[in-house]
There are 2 protein chains.
Amino acid sequence: MLREPRKKKTKELIVRTAIQLFKEKGYENVTVEEITQLCGIAKGTFFNYFPKKEHMLLYVGSSYNDLLNEIVRKHREGPLKDRLMELFHDFLRLYLKHAELLRLVLIESIQSTSGSTDDTSNLTLFQQSIRQLLEEAKDNGSLRSRHDASDCAIVLVSLFYQTLLSASADADEHKLTADLQKKFDVIWDGIADA
Amino acid sequence: MLREPRKKKTKELIVRTAIQLFKEKGYENVTVEEITQLCGIAKGTFFNYFPKKEHMLLYVGSSYNDLLNEIVRKHREGPLKDRLMELFHDFLRLYLKHAELLRLVLIESIQSTSGSTDDTSNLTLFQQSIRQLLEEAKDNGSLRSRHDASDCAIVLVSLFYQTLLSASADADEHKLTADLQKKFDVIWDGIADA
DNA sequence: AAAAAAAAATGACCGTGGTCATAAATGACT
DNA sequence: AGTCATTTATGACCACGGTCATTTTTTTTT
């Protein structure tokens with residue numbers, strides 16, 4: 001059967017073409033027809049592969065998955081909190097490279113995740129790898145916490161996303177890192193002093 | 001000048017009609033034309049009052065502002081953390097009454113807030129009232145914290161929103177309250193034990 | 001009260017996302 | 001190779017959000 005590989009090829013072609021156009025001209029300024037024309041296919045074909053234009057954004061997101069995992073794997077030295085901060089700092093830098101597009105991706109991911117327990121969403125994947133990191137830290141003693149690793153991961157990741165989303169257009173890397181640092185300080189120590 | 005009051009009337013009429021239709025049939029299933037027809041005005045008129053259909057969602061959001069402030073004012077007894085939890089619990093109940101619509105409102109609010117420092121957005125307003133509550137608590141001694149009230153407010157509010165957004169369609173009030181409780185425990189005590 | 005100016009309403013019109021009946025392509029079977 | 005079944009591609013078509021030149025209404029000026 002030669003059909004499957006060919007479908008995949010077409011799908012990849014659409015994704016690659018679309019991402020490039022989105023980065024060039026901005027998501028809103030790219031029409032589905034434009035994408036398909038550049039791919040040499042008919043407009044209708046696009047919708048055989050993606051139910052909505054917005055679904056492309058989820059694919060843009062998942063195209064970053066490998067890169068994200070690599071970053072998570074990279075940070076293995078030093079105190080846990082510092083490691084996490086460096087890790088998020090790297091993510092932040094990556095995000096800022098295409099902030100306009102990735103903001104849409106993030107919002108779309110949030111939108112598609114909510115209302116359904118879908119474990120394969122980009123957001124959940126990311127959360128899981130942070131959770132895993134925390135669990136390892138708990139196991140090897142570098143983190144002592146009465147809280148569930150899973151809950152901590154949710155908290156950390158939401159605050160990270162919140163930082164990205166609240167980033168105003170003029171915000172630079174350093175401002176955002178500082179923002180994130182403050183939030184992390186709060187949750188790391190807790191709000192109320194003992 | 002009699003123009004201003006009349007404009008306001010029309011705007012209110014549109015908002016009321018739209019909200020009702022949204023709640024009846026769901027945002028996506030209501031067309032602008034339908035709204036205007038029910039208002040007895042032309043389609044084009046709608047866009048004299050709202051630049052986009054989605055802007056209606058922000059107005060839906062702001063229509064809850066008074067109610068929200070009232071809830072904040074209501075909880076004045078007991079330990080701070082409990083008060084906050086009750087407060088958020090009330091919000092949550094309110095949210096669940098029209099979860100479908102309010103999820104869209106929330107997402108739209110997030111979307112419109114991000115990228116611009118707009119202090120009048122619904123989200124910012126809410127955050128500010130929580131911040132104020134925390135500051136009062138710090139002043140009268142019921143909260144002792146080394147962290148900025150503002151930062152704490154951001155953290156609390158983001159986690160609340162995250163809870164709302166991650167609510168799957170089948171989630172009930174109790175499940176969500178429990179979810180929220182766990183997150184609040186984490187940030188209240190801090191992730192790492194002393 | 002008439003004329004001029006300003007503001008607001010209108011609906012024909014357009015672009016784009018998305019549908020769907022039909023056509024083309026592919027693979028299985030004889 | 002020829003027939004049939006199934007999958008995939010196609011583009012005319014539609015619905016809806018949004019625009020804009022024109023008309024209608026309201027306010028100001030004389």
Side-chain angles (χ1 to χ4, degrees), chain A residues 1-61 100-101 104-105 107-109 111-112, chain B residues 1-61 100-101 104-105 107-109 111-112:
Chain A
M1 212 190 239
L2 232 71
R3 234 181 288 153
E4 281 303 318
R6 207 134 46 73
K7 273 198 76 171
K8 203 146 206 167
K9 261 263 154 57
T10 309
K11 195 164 187 172
E12 263 170 33
L13 176 61
I14 295 176
V15 173
R16 270 212 320 278
T17 310
I19 293 183
Q20 192 188 336
L21 283 175
F22 291 161
K23 285 182 178 169
E24 272 174 24
K25 319 174 49 181
Y27 176 78
E28 302 282 358
N29 303 318
V30 177
T31 69
V32 172
E33 202 161 20
E34 197 177 354
I35 297 170
T36 53
Q37 271 175 7
L38 211 60
C39 289
I41 59 179
K43 183 172 144 190
T45 306
F46 178 94
F47 294 99
N48 291 344
Y49 292 90
F50 305 94
K52 312 248 165 205
K53 186 191 174 191
E54 295 137 30
H55 270 61
M56 284 296 316
L57 291 172
L58 299 180
Y59 278 79
V60 176
E100 258 165 285
L101 178 57
L104 297 180
V105 170
I107 288 173
E108 185 64 26
S109 300
Q111 207 158 7
S112 80
Chain B
M1 213 189 240
L2 232 72
R3 230 179 297 150
E4 282 303 320
R6 209 134 47 73
K7 276 197 76 171
K8 204 149 207 169
K9 262 264 154 57
T10 309
K11 194 165 188 172
E12 263 171 32
L13 176 61
I14 295 175
V15 172
R16 270 212 321 277
T17 309
I19 293 184
Q20 193 188 334
L21 283 175
F22 292 161
K23 285 182 178 170
E24 273 174 25
K25 318 175 45 181
Y27 177 78
E28 302 283 358
N29 303 317
V30 177
T31 69
V32 172
E33 204 161 19
E34 198 177 353
I35 297 171
T36 54
Q37 270 175 7
L38 212 58
C39 289
I41 59 178
K43 184 171 143 188
T45 307
F46 178 93
F47 295 99
N48 289 346
Y49 292 89
F50 305 94
K52 313 249 166 205
K53 186 191 174 192
E54 295 138 29
H55 271 61
M56 283 297 314
L57 291 172
L58 300 179
Y59 276 78
V60 177
E100 259 166 283
L101 178 57
L104 296 180
V105 170
I107 288 173
E108 184 64 26
S109 300
Q111 205 158 7
S112 80

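A, B, ... follow the sequence lines: proteins, then strands. Residue 1 opens every chain.
- Counting any heavy atom pair closer than 4.0 Å across all strands shown, A/Tyr49 reaches sugar-phosphate atoms only and no base atom.
- Straight-line distance from the CG atom of A/Asn48 to the P atom of C/dA24: 16 Å, rounded to whole Å.
- The CD atom of A/Glu108 sits 7.5 Å away from atom NE2 of A/His55, with the distance rounded to the nearest 0.5 Å.
- No donor-acceptor contact under 3.5 Å links the side chain of A/Lys53 to the base of C/dG18.
- Rounded to whole Å, atom P of D/dG17 lies 10 Å from atom CD of B/Glu34.
- Mapping B/Ile41 and A/Tyr27 onto DNA chain C by nearest heavy atom places B/Ile41 closer to the 5' end of the strand.
- Across all strands, B/Thr45 comes closer than 4.0 Å to base atoms (heavy-atom distances).
- A cation-pi contact links B/Lys11 to B/Phe50, judged by a cut-off of 6.0 Å to the six-membered ring centre and 45° from its axis.
- Rounded to a whole Å, the NZ atom of B/Lys9 is 15 Å from the P atom of C/dA9.
- You'll find that the side chain of A/Glu54 is closest to C/dG18, out of D/dC16, C/dG18, C/dA9.
- If you check distances only, the side chain of A/Lys43 does reach the base of C/dG17 with a donor-acceptor pair under 3.5 Å.
- D/dG11 atom P lies 15 Å from atom CZ of A/Phe47, rounded to whole Å.
- A distance of 7.0 Å separates CD of A/Glu54 from CD of A/Gln111, quoted to the nearest 0.5 Å.
- Atom CG of B/Asn29 is separated from atom P of D/dA15 by 15 Å (rounded to the nearest Å).
- Each of D/dC16, C/dG17, D/dA9 was ranked by its minimum atom distance to the side chain of B/Thr31; first place goes to D/dC16.
- B/Met56 places its CE atom 12 Å from the P atom of D/dG17, with the value rounded to the nearest Å.
- Heavy atoms of other residues, nucleotides or ligands lying less than 6.0 angstrom from CZ of B/Phe47 number more than 12.
- For B/Tyr49, the OH atom sits in a packed shell: over 12 heavy atoms of surrounding residues, nucleotides or ligands are nearer than 6.0 Å.
- When the P atom of D/dC14 is taken as reference, atom CD of B/Glu33 falls 16 Å away, rounded to whole Å.
- The partner of D/dT29 is C/dA2, by the rule that a Watson-Crick or G-U pair needs both atom distances under 3.5 Å.
- Per the geometry, CZ belonging to A/Phe46 stands 17 Å off P belonging to D/dT8, to the nearest Å.
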